[in-house]
Amino acid sequence: MSSNVIDTRAAAGKSTQRHSADRSKPYYRPYVPYLFLLPGLALYLIWSLYPLLYQLYISFFDWRIIPGQTSTYVGFANYEAVFADRTFWLAMRNTAGYAVVTVAGQMIIGLTLAFLVHRVTVGKKFFRTVYYLPVVTSWVVVSFLFVYLFSAGDAGLINFILMKLGVIDKAISWLASSDTAWIAIDSLGIWKGIGWAMVIFLAALQGIPTELYGSRGD
């Protein structure tokens, strides 16, 4: 009799522990992660993937943008015309040159700034904010700023500084010539993106364990 009572109490205790353990664990719903992904995925499909596929589709037509007009299927004729156009290849060359210069400039200067900010002990948040500010600034604002900086004549700040330093004898029309306009455009692209590169590199530097640095002279 006593043995049965003990066994019953032991079984009841195990059942209570099992139920309490089950209550302590959150109920797993396998579809919950997909619910969090659904809004971003929907926006990507609507605003990125669908326009890209639709653009690919209409590229095979002599497309008429006015409603009601018939668009004629032309196959690869549009691509043949583009590849035979010298302006297209000029645009590709300029785009490739801009990408190489700006990406390399952002990486090099961003890494340098990340090292400097990482070693700063006072005002680290201030410098990080200042360097990142161009990233969140409107392209319209920074474009007007660089138009002023590279303005022709003495009104442009770049011309003013270079003439004061004796680097140039007369003002340069930076934006009026293709030989000098790329300097302003590449400078704008580099300045606009170094803050983002700096933040990425800075996060990587801060993730390195301090014992890997070894003994430092400072």
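By the rule that hydrophobic residues join a cluster once side-chain heavy atoms approach within less than 4.5 Å of another member, L165 and F150 end up as members of one cluster. Side-chain heavy atoms closer than 4.5 Å link hydrophobic residues (I, L, V, M, F, W, Y) into clusters, and following such links, even through other members, never connects V82 to L52. M107 and I190 fall into different hydrophobic clusters, where Ile, Leu, Val, Met, Phe, Trp and Tyr residues are linked whenever their side-chain heavy atoms come under 4.5 Å apart, directly or through other members. L49 and L43 fall into different hydrophobic clusters, where Ile, Leu, Val, Met, Phe, Trp and Tyr residues are linked whenever their side-chain heavy atoms come under 4.5 Å apart, directly or through other members. Cluster membership check: V100 does not share its hydrophobic cluster with I108, using side-chain heavy-atom separations under 4.5 Å among Ile, Leu, Val, Met, Phe, Trp and Tyr.
The closest side-chain donor-acceptor pair between N159 and W174 falls under 3.5 angstrom.
Note on ring orientation: taking the six-membered ring where Trp is involved, the planes of Y73 and F61 are perpendicular (angle over 60°, cut-offs 30° and 60°). A tilted orientation is assigned to the rings of Y79 and F76, their planes being inclined by 30° to 60°.
For F88, the CZ atom sits in a packed shell: over 12 heavy atoms of surrounding residues, nucleotides or ligands are nearer than 6.0 Å. Annotation for F60: atom CZ counts as buried by contact number, over 12 foreign heavy atoms lying within 6.0 Å. Under a cut-off of 6.0 angstrom, the local environment of CG in L133 is crowded, with over 12 non-hydrogen atoms contributed by other residues, nucleotides or ligands.
Residues G110 and A197 share a closest heavy-atom pair of CA-CB, 4.2 Å. Heavy atoms only, all atoms of each residue included: P39 and L35 are closest at CD-O, 3.1 Å. For the residue pair A181 and L175, the shortest heavy atom distance occurs at CB-CA, 4.3 Å. Contact between I168 and M163 at its shortest, heavy atoms only, is CG1-CG, 3.7 Å. Nearest heavy atom pair, residue M198 against residue V117, reads SD-CG2, 4.1 Å.
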* To do: Evaluate the side chain to side chain contact (heavy atoms under 4.5 Å, CB included) criterion for residues Y131 and I194: first the C-alpha distance (whole Å), next the side-chain angles of each, then the deciding distance (0.1 Å), finally the verdict.
  => CA-CA 8 Å; Y131 291 132; I194 56 175; 5.6 Å; no

* **Criterion side chain to side chain contact (heavy atoms under 4.5 Å, CB included) on L157 and I161, from CA distance to verdict** => CA-CA 6 Å; L157 183 60; I161 295 176; 3.9 Å; yes

* Using the side chain to side chain contact (heavy atoms under 4.5 Å, CB included) rule, take W139 and L188 through it: C-alpha gap first, then chi angles, then the decisive distance, then the call. => CA-CA 10 Å; W139 274 100; L188 171 59; 4.0 Å; yes

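Of the possible donor and acceptor atoms, one in the side chain of S71 sits under 3.5 Å from a partner among the backbone N and O of R64. Without hydrogens or angle criteria, Q69 side chain to W63 main chain gives no donor-acceptor distance under 3.5 Å. With hydrogens and angles disregarded, a donor-acceptor distance shorter than 3.5 Å links the side chain of S59 to the backbone of L56. Under a 3.5 Å cut-off, the side chain of K192 and the backbone N or O of V136 do not form any donor-acceptor pair.
Side-chain atoms of N94 and Y98, non-hydrogen and from C-beta on, never get closer than 4.5 Å to each other. Taking 4.5 Å as the limit, some side-chain heavy atom of L202 sits within range of a side-chain heavy atom of R128. By the 4.5 Å heavy-atom criterion applied to side chains, N78 and V74 are counted as neighbours. Residues P134 and V142 fail the side-chain proximity criterion, which asks for heavy atoms closer than 4.5 Å. Contact of the F115 side chain with the F201 side chain is not registered, since no non-hydrogen atoms from C-beta on lie closer than 4.5 Å.
From I172, atom CD1 reaches atom CG of D179 across 11.0 Å, with rounding to the nearest 0.5 Å. How far CG of L41 is from CZ of F36: 15.0 Å, rounded to the nearest 0.5 Å. Between the CG atom of L145 and the OG atom of S138 there is a distance of 11.5 Å, given to the nearest 0.5 Å. The CG atom of L113 sits 9.0 Å away from atom CG of L111, with the distance rounded to the nearest 0.5 Å.
Taking the six-membered ring where the residue is Trp, the centroids of F146 and W191 are separated by under 6.0 Å.
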